[in-house]
A.B. asks: 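The structure under discussion is supplied below as structure tokens; questions concerning it will follow.
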Amino acid sequence: MTDLTVWLEATGAVSAAGGLGYAKIRAPRVYWSLVGMPVTWGRFALSYRSTMDVCGLTVQPSGLRAFMTRNVARREVQPVPPKVRRVRGTSTGLRVTLRLPAGLEPADLIASSERLRHAWGVHSVTVTETKPGYVELRMTGYDVLRRVRMPRGAQPRGMVVPVALREDGTAFERDYRAAPMALTLGANQSGKSMYQRNLIKGLAQLPVALVGIDCKRGVEQTAYASRLSALVTSPDDAASLLGVLVAEMEDRFDLLSRHGVSDLWELPESTRPVPVVVLVDEIAELFLISSKKDEERRERIVTALIRLAQMARAVGIHLEICGQRFGSDLGKGATMLRAQLTGRVVHRVNDKQTAEMGLNDLAPDAVPVASLIPMERPGTAVAADSSGGWSKIRTPNTTRDEVVAVCRAFAHLVPDLPVLAPFRPAAPVVPAPVAGPSLVKPRPVTP
Ligand SMILES: Nc1ncnc2c1ncn2[C@@H]1O[C@H](COP(=O)(O)OP(=O)(O)OP(=O)(O)O)[C@@H](O)[C@H]1O
Ligand SMILES: [Mg+2]
């Protein structure tokens with residue numbers, strides 16, 4: 001009997017250990033919640049003071065405090081670390097809010113984040129300033145970018161689309177009102193089209209007009225035709241479409257001036273035109289020409305793009321441009337257009353110059369990070385924001401069928417924009433059901 005109990009206990013222990021080992025690899029969220037979080041929380045609570053001390057993140061207490069400690073409490077005066085205000089567990093890690101003592105700044109913690117990560121045995125530690133005097137340490141318990149799952153609360157709303165996951169476990173959102181125009185760079189097969197696919201999936205659910213310019217004969221965007229207000233697949237058509245968009249921009253400016261406002265969002269909802277997002281899949285196709293006779297077309301395209309990039313924000317027309325490179329080698333106007341594109345996302349690149357094209361103006365310290373993205377992690381990128389910060393992100397692996405289904409489901413949101421009607425793609429043909437013997441008996445219409 002004792003033997004049986006021992007045997008059962010041993011088998012139970014082995015299968016529990018096996019289950020946890022399996023969960024660690026296959027279901028890291030479950031493993032983190034069951035094992036990782038309690039262990040890390042305990043380690044953090046026990047070693048906080050000593051870790052901060054050895055990492056140089058403590059300050060000498062103020063004169064009054066030192067006096068009280070020495071004379072009233074009769075203890076030795078010790079350096080003080082930042083006060084822990086809140087510790088919160090999430091499905092991916094721990095969030096700790098700290099109140100900084102006088103003499104420490106967020107940069108001190110950022111500089112030590114690698115040391116803190118090793119001290120507490122977590123995958124990453126990111127430091128974010130939440131308000132003056134307070135910082136949040138965002139720890140992740142495992143590599144959240146290995147298999148991306150978006151946080152549940154991240155849903156498209158207003159003009160904001162969650163498009164990827166940040167290294168710290170939060171959603172990276174594309175906010176069209178904060179950064180009206182954006183540029184996405186990356187080498188072949190680095191995940192640019194996947195980024196745009198995720199964007200289309202989110203935008204499709206919002207009341208906006210989507211315009212596709214896909215000069216690779218439409219291989220990427222044709223599938224989403226049911227939700228697109230316009231789609232062009234050749235540079236000639238792109239030139240006409242951009243001309244129409246510039247005219248639309250001018251009409252919208254007339255409307256703004258009639259109402260005495262300077263921004264589309266200040267208009268009353270009943271008269272506000274619908275925002276338009278123009279998605280360009282490969283910008284080089286619009287810039288490069290093979291013969292002299294195409295020069296005039298190129299000129300028209302580049303001028304229209306620059307005008308839109310410079311002014312169209314106020315009237316709710318946004319550019320979302322993808323490309324493998326975007327430098328002066330594309331020809332006249334390229335760097336001028338690039339300067340107008342505020343949002344920057346750089347995927348894996350083959351050379352440092354390409355990373356510099358995207359990041360040097362906004363976040364120069366992110367350039368080496370973009371150059372080191374491994375090939376076997378497509379979809380990983382560095383996203384810079386206009387505040388000088390940057391983060392490592394990865395898009396979820398969304399299938400084309402999934403996005404096609406979303407586009408179909410939200411096809412009723414395609415707005416009524418007569419100017420774009422000539423460019424409206426035919427809705428994709430749904431395969432007809434295979435003809436079989438009819439079960440309905442034909443009846444003559446006339447009696
Ligand atoms: N986040 C991701 N997770 C997993 N796989 C991805 C991810 N992003 C992209 N991929 C895969 O990487 C491959 C290349 O992606 P994608 O077509 O988006 O690259 P691209 O940069 O547009 O390439 P190209 O310049 O050739 O158009 C695809 O097979 C895609 O399935
Ligand atoms: Mg592509």
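Remember, it's 1-based here, ligands and their atoms both numbered in the order they're listed.
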A.B. asks: Distance only, no hydrogens: is a donor on one side chain within 3.5 Å (strictly under) of an acceptor on the other, for R29 and S91?
C.D. replies: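 Short answer, yes.
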
A.B. asks: Please compare G191, S193, A164, A381 and report which has the shortest non-hydrogen distance to atom 19 (O) of ligand 1.
C.D. replies: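 Among G191, S193, A164, A381, the closest heavy atom to atom 19 (O) of ligand 1 comes from G191.
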
A.B. asks: Looking at ligand 1, does any of its N/O atoms fall within less than 3.5 Å of an N/O of E282?
C.D. replies: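 E282 vs ligand 1: no N/O contact under 3.5 Å.
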
A.B. asks: Quick one: does E220 get an N or O within less than 3.5 Å of an N or O on ligand 1?
C.D. replies: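 For ligand 1, there is no N or O atom that lies under 3.5 Å from one belonging to E220.
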
A.B. asks: Regarding R138 and T126, do their side chains bring together a donor and an acceptor under 3.5 Å, going by distance alone?
C.D. replies: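 Per modelled atom types, R138 and T126 side chains form no pair under 3.5 Å.
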
A.B. asks: Identify, for atom 7 (C) of ligand 1, the protein heavy atom at the shortest distance, and state residue, atom and that distance.
C.D. replies: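 Sorting protein heavy atoms by distance from atom 7 (C) of ligand 1 puts P378 O, 3.3 Å first.
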
A.B. asks: Is it true that, when you exclude R424 itself, more than 12 heavy atoms of the residues, nucleotides or ligands shown sit nearer than 6.0 Å to its CZ?
C.D. replies: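 Yes, CZ of R424 has more than 12 neighbouring heavy atoms, counting only those of other groups under 6.0 Å.
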
A.B. asks: Please work out which of M194, R394, Q196 has its closest non-hydrogen atom nearest to atom 3 (N) of ligand 1.
C.D. replies: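 Among M194, R394, Q196, the closest heavy atom to atom 3 (N) of ligand 1 comes from R394.
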
A.B. asks: Where do L330 and F287 come nearest, in terms of heavy atoms and distance?
C.D. replies: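 In this case the closest contact between L330 and F287 is O-CD2, 3.7 Å.
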
A.B. asks: Between R149 and P396, is there a side-chain heavy-atom distance shorter than 4.5 Å?
C.D. replies: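 The answer is no, as the side chains (C-beta and beyond) never meet within the 4.5 Å cut-off.
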
A.B. asks: Quick one: look at A187 and ligand 1, take heavy-atom pairs under 4.0 Å, and tell me if it's side chain, backbone, both or neither.
C.D. replies: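 A187 to ligand 1: backbone contact only, side chain stays beyond 4.0 Å.
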
A.B. asks: Mind telling me whether H347 and Y195 have parallel, tilted or perpendicular rings, with 30° and 60° as the class edges?
C.D. replies: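 Rings of Y195 and H347: perpendicular, as their planes differ by over 60°.
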
A.B. asks: Applying a 4.0 Å heavy-atom criterion (strictly less than), which segment of K216 is in contact with ligand 1: side chain, backbone, both, or neither?
C.D. replies: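 Just the side chain.
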
